[in-house]
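Right, one structure below, let's go through it.
Small disclaimer: the values here were computed from a predicted structure and weren't measured. Proteins get letters first, then strands, A, B, ... in listed order; numbering begins at 1 in each.
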Amino acid sequence: MAVKLDKVDVVVVGTGWAGGVVSAELSKAGYKVIALERGKNVIRADYIGVKDELRYTNRYEMMQNLAPETITSRNYLDEIALPVRTRQEMMVGTDLGGGSVHWAGATYRWKPYDFEIRSKTIERYGKDKIPEGMAIQDWGITYDEMEKYYDRWEKTAGTSGEPDPIGDKRSSDYPNPPMKESPAVRLFKDTTKKMGYHPYQVASGNLSKAYTNPDGEKMGQCMFCSFCTQYGCDFGAKSDPLVTVIPTAMKTGNFEVRTGAYVRRVLYSGGKATGVLYVDTMTGEEFEQPADVVVLAAFTFTNNRLLMLSNIGQPYNPNTRKGVIGRNFNGQFGITFLGARGYFKNKKFNYYMGAGALGGTLSDFAGDNFDHSKLDFINGGGIELRQYGDGAIATNHVPKGTPKWGPEFKKNSIFYANRSLVVWYTSATMSWWHNFTDLDPTYKDIYNDPLLRITNRYTDQDRNIAKFGIEKSREIMKAMGADIIDEDEVPQEFDHVYSGGHYAGGVIMGADPATSAVNNYLQMWDVDNLFVVGGSAFPQFAGHHPTATIGALGYRAAEGIEHYLKNGGQLAKGKQGGTSA
Amino acid sequence: MTDKPKETNESRRQFIKNTGLVAGGLVGGTLFGGLLTNQFQKKPEIQDVKNISGGLQEARVFINRARDFDILSAATERIFPKDDLGPGAIELSVPYFIDKQLASEWGTNAKEYMKGPFISDIKEAGNHNVQRRQDSQGPNSGTQIPTPSPRYHTILNRGEMFTLGLRKMDEVAQKEFGKGFVELDPDKQDEVLHMFEEDKVEMKGVGSSNFFHLLLQTTIEGAYADPVYGGNKDMMGWKMKEYPGPQMGYLDKIGEEKFIKMEPTNLRNYQGH
């Protein structure tokens, strides 16, 4: 029998950017907030002096322990899904701050086109441009409405950047100047400029200088030490929840975080969420945490699974294409980061130096910035060159045709260790009726609850957009002067490797309750006091990295929750029909 | 004994003398054999797996049979051979690195999902999905080792896979060439390794290519991971690659056009010990 705790105003599940922003804003507004995090309690000191490639990059120190829980995965409806068993195949953040602590820092706003993709595609190219079964939807919110939340989050995070020369309207500049350029980034920018494109420095969560954010949190300056992506920052110089929103919430005295808290159910009665049921993983004891408002701000997989385990909302049925929980699973997979690798025989780069978001980019082939009339896909992506700072284990790229081991491999891998660069296309992922989540009929977690099952496959859209991106990347790499250029191959089918951390959908935003689970405040249409915040709300994935959009949605949700706590009720009016496949 | 011997051959000899181990008859045993003979002999062209001198700090902690360890050593040396660029796997202490990894939570699959059912037809399950190279695409393509990532679907943990795999290599060597793996000529050793890589060997519970790719992955890791894990001896792997190890940062150097070669440091130094 679970121990029933005292009721609070808000209980938040998950402590990444989504849960962190919501917790900070509501505790600042005077509400009692409890956040539950199943991972460990961590502080900055946990990441000082631990520049260890094997432990973090190759053994996935900061990623979810899969022994208690993972997902299962398949391509087609009639297949048996198999568990994704190793952390090499499934990379999802854990511990206080979640995936937001190991993120690289690349910061992009999504485009006006992304938020109104269905309407704008039909408007420009006609209805036939959207193939049967492609389930893309408008978000129920526009870029103009999102802008102030983006702006707010960039200031909290101390984003360091310069505006995209062909980018969208901004109400203010980034709070910090762009990062320093490295020669490789300079080469990319100079070359693409000559080609007539509009390169600029990737906006970064690795800070270009010491900074105090509007909440009074202090951050350090990035040292370009290279231990960044998949690591916590040694210097407090990467904007993450541990140096921003979590301390902000703590300072209010209204906030408590409980780590080692594995949430098993949202408690639900009479059309309202009444709290959550969780297990203390250190003792095995069960607790019931009642609250006026429940916020699911965990990773996409957990948000989806908790709603399904709790029987909340109408599950999506791929055969009838009706139901909302689990629909439009999307994200960035192997196929969305393809490009061309160039090898330079006579030029060496200091590629052991770098930072997660140090890079050049251009959006000439992003979103609907280019004409798709004669192209066999919609949407686009960013083209990037990033200098993460390669570790020694990682720098084993060798030109195609080199054996994978033995004397020739050794010779080439050492020769090219600081002589290879990659340019890639971060292409968008469109949603389809056949890509969705539900509960697995066979495999269970440590508490005997079903695992989440992903059904996902690639389509011509994915393969065509990838081919286009590889071709553009190759042209750029050639102009940059590489002696050998190896193009990535386009895979035929999704390989069940979830290695990039960017998976979304299943509890999507929209204007129509028939095809979306939450309104544009991230409030569930049919459960007024339940908010589901994060990547799970994306109806499809834009051609850029997701973090800024998740941060912005956090601010939007916090505003909605505050409205609800004051006035109650449903915050949006549903529009019927016409927005989906 | 109050003085701790330093990690030099000189002090080791002193240590041996002082403690009476030489008089006790251990000279020529596997522990000190390499150390004493190397002073008088030129290094052989091909690394002699019997003479792996990891120093006093190294001993097997996972692999029980010395024979298994010798097979592992010979195989890693073929994957990452000694050449004019520098040391190979044995000299880098890669076999000891792998042995330690197999004893770790990674080797016992402590953080992997290991609940059944494991479906019986392994090949159908994608266990042999090794054609695609994971490292050449995807958001982590800049950080992955150049080995394919097959879909893991076996009840065996990595330590068990290695034990089975190493013994299978000996069996295959005997069957194909009439000699144990360690005794084979290098080109015949390569042939055996290729048979595993190309999945031409039947193994119980796991595809032979899966075992091979684990062996390949850990060999490269052992050559280049921080020396604290037992491989990359004396940072010789890093020196070959001109990789500087964990440095404080490069704020003042990131813009420089010229390649900067630095004396490497490691975690032990970086953390200030």
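Side-chain N or O atoms of Lys115(B) include none that pairs as donor or acceptor with a backbone N or O of Tyr443(A) at under 3.5 Å.
Interface remark: Val185(A) contributes no atoms to any contact with chain B (heavy atom separation under 4.5 Å). For Ala392(A), the parts sitting under 4.5 Å from any heavy atom of chain B are the backbone and the side chain alike. Proximity to chain B is limited to the side chain of Leu451(A), based on heavy atoms less than 4.5 angstrom apart. Residue contact with chain A, scored on non-hydrogen atoms closer than 4.5 Å, involves the backbone and the side chain of Glu242(B) alike. Residue Phe235(A) touches chain B through its side chain alone, counting heavy-atom pairs closer than 4.5 Å. In this structure, chain B has a heavy atom under 4.5 Å from the side chain of Leu358(A), while its backbone stays farther away. Looking at Leu66(A), the atoms closer than 4.5 Å to chain B (heavy atoms on both sides) sit in the backbone and in the side chain alike. At a 4.5 Å heavy-atom cutoff, Ser420(A) makes no contact with chain B through either its backbone or its side chain.
Atom CD of Gln88(A) sits about 8.5 Å away from atom CH2 of Trp106(B), to the nearest 0.5 Å. Distance check: Lys253(B) NZ to Tyr352(A) OH gives 7.5 Å after rounding to the nearest 0.5 Å. The CZ atom of Arg85(A) sits 10.0 Å away from atom CG of Asn109(B), with the distance rounded to the nearest 0.5 Å. A distance of 13.5 Å separates CG of Asn266(B) from NZ of Lys51(A), quoted to the nearest 0.5 Å. With values rounded to the nearest 0.5 angstrom, His213(B) atom NE2 is found 3.5 Å from Lys404(A) atom NZ. Interatomic distance, CE of Met114(B) versus OG1 of Thr86(A), reported as 10.0 Å (0.5 Å rounding).
Heavy-atom neighbours of Lys400(A) NZ from other residues, nucleotides or ligands within 6.0 Å: above the threshold of 12. Other residues, nucleotides and ligands contribute only 12 or fewer heavy atoms inside 6.0 Å of the CD1 atom of Ile155(B). Applying the 6.0 Å contact sphere to CD1 of Ile80(A) captures no more than 12 heavy atoms from other residues, nucleotides or ligands. Heavy atoms of other residues, nucleotides or ligands lying less than 6.0 angstrom from CG of Asp252(B) number more than 12. Other residues, nucleotides and ligands contribute more than 12 heavy atoms inside 6.0 Å of the CE atom of Met262(B).
No side-chain heavy atom of Ile254(B) sits under 4.5 Å from any side-chain heavy atom of Met179(A). Within the 4.5 Å cutoff, the side chain of Met353(A) has no heavy atoms near those of the Gln247(B) side chain. Within the 4.5 Å cutoff, the side chain of Phe409(A) has no heavy atoms near those of the Leu216(B) side chain. The shortest distance between side-chain heavy atoms of Lys258(B) and Asn350(A) does not fall below 4.5 Å.
Contact count against chain B (heavy-atom pairs under 4.5 Å) is highest for His496(A) among His496(A), Met90(A), Glu181(A). Between chain B and the residues Lys411(A), His502(A), Lys444(A), the largest count of heavy-atom pairs under 4.5 Å involves Lys444(A). In terms of heavy-atom pairs under 4.5 Å with chain B, the best-connected choice from His545(A), Arg186(A), Lys180(A), Arg87(A) is Arg87(A). Comparing Asn418(A), Thr442(A), Thr426(A), Asp486(A) by heavy-atom pairs within less than 4.5 Å of chain B, the highest count is held by Asn418(A). Comparing Ala417(A), Gly406(A), Gly389(A), Pro403(A) by how many heavy-atom pairs each has under 4.5 Å with chain B, the most go to Gly406(A). Options Pro81(B), Ala110(B), Gly249(B) differ in how many heavy-atom pairs under 4.5 Å they form with chain A, and the most are formed by Pro81(B).
Side-chain N/O atoms of Tyr224(B) and Asn58(A) include no donor and acceptor closer than 3.5 Å.
For Ile414(A) against Met240(B), the heavy-atom pair with the smallest separation is CG2-O, 3.3 Å. Between Ala225(B) and Leu54(A), the shortest heavy-atom distance links the atoms CB-CB, 4.0 Å. Smallest separation of non-hydrogen atoms from Tyr243(B) and Asp390(A): CE1-O, 3.4 Å. Residues Lys241(B) and Thr395(A) come closest through the heavy atom pair NZ-O, 2.9 Å. The nearest pair of heavy atoms linking Val84(A) to Tyr113(B) is O-CB, 4.5 Å.
Salt-bridge check for Glu105(B) with Arg59(A): failed, with every basic side-chain N at 4.0 Å or more from each acidic carboxylate O. Between Lys347(A) and Glu257(B) there is a salt bridge, since a side-chain N of the basic residue sits under 4.0 Å from a carboxylate O of the acidic one. Salt-bridge formation is detected for the pair Lys410(A)/Asp83(B): a Lys NZ or Arg NE/NH1/NH2 atom is positioned less than 4.0 Å from an Asp or Glu carboxylate oxygen.
Ring geometry for His194(B) against Trp405(A) counts as tilted: the plane angle lies between 30° and 60°, on a 0 to 90° scale.
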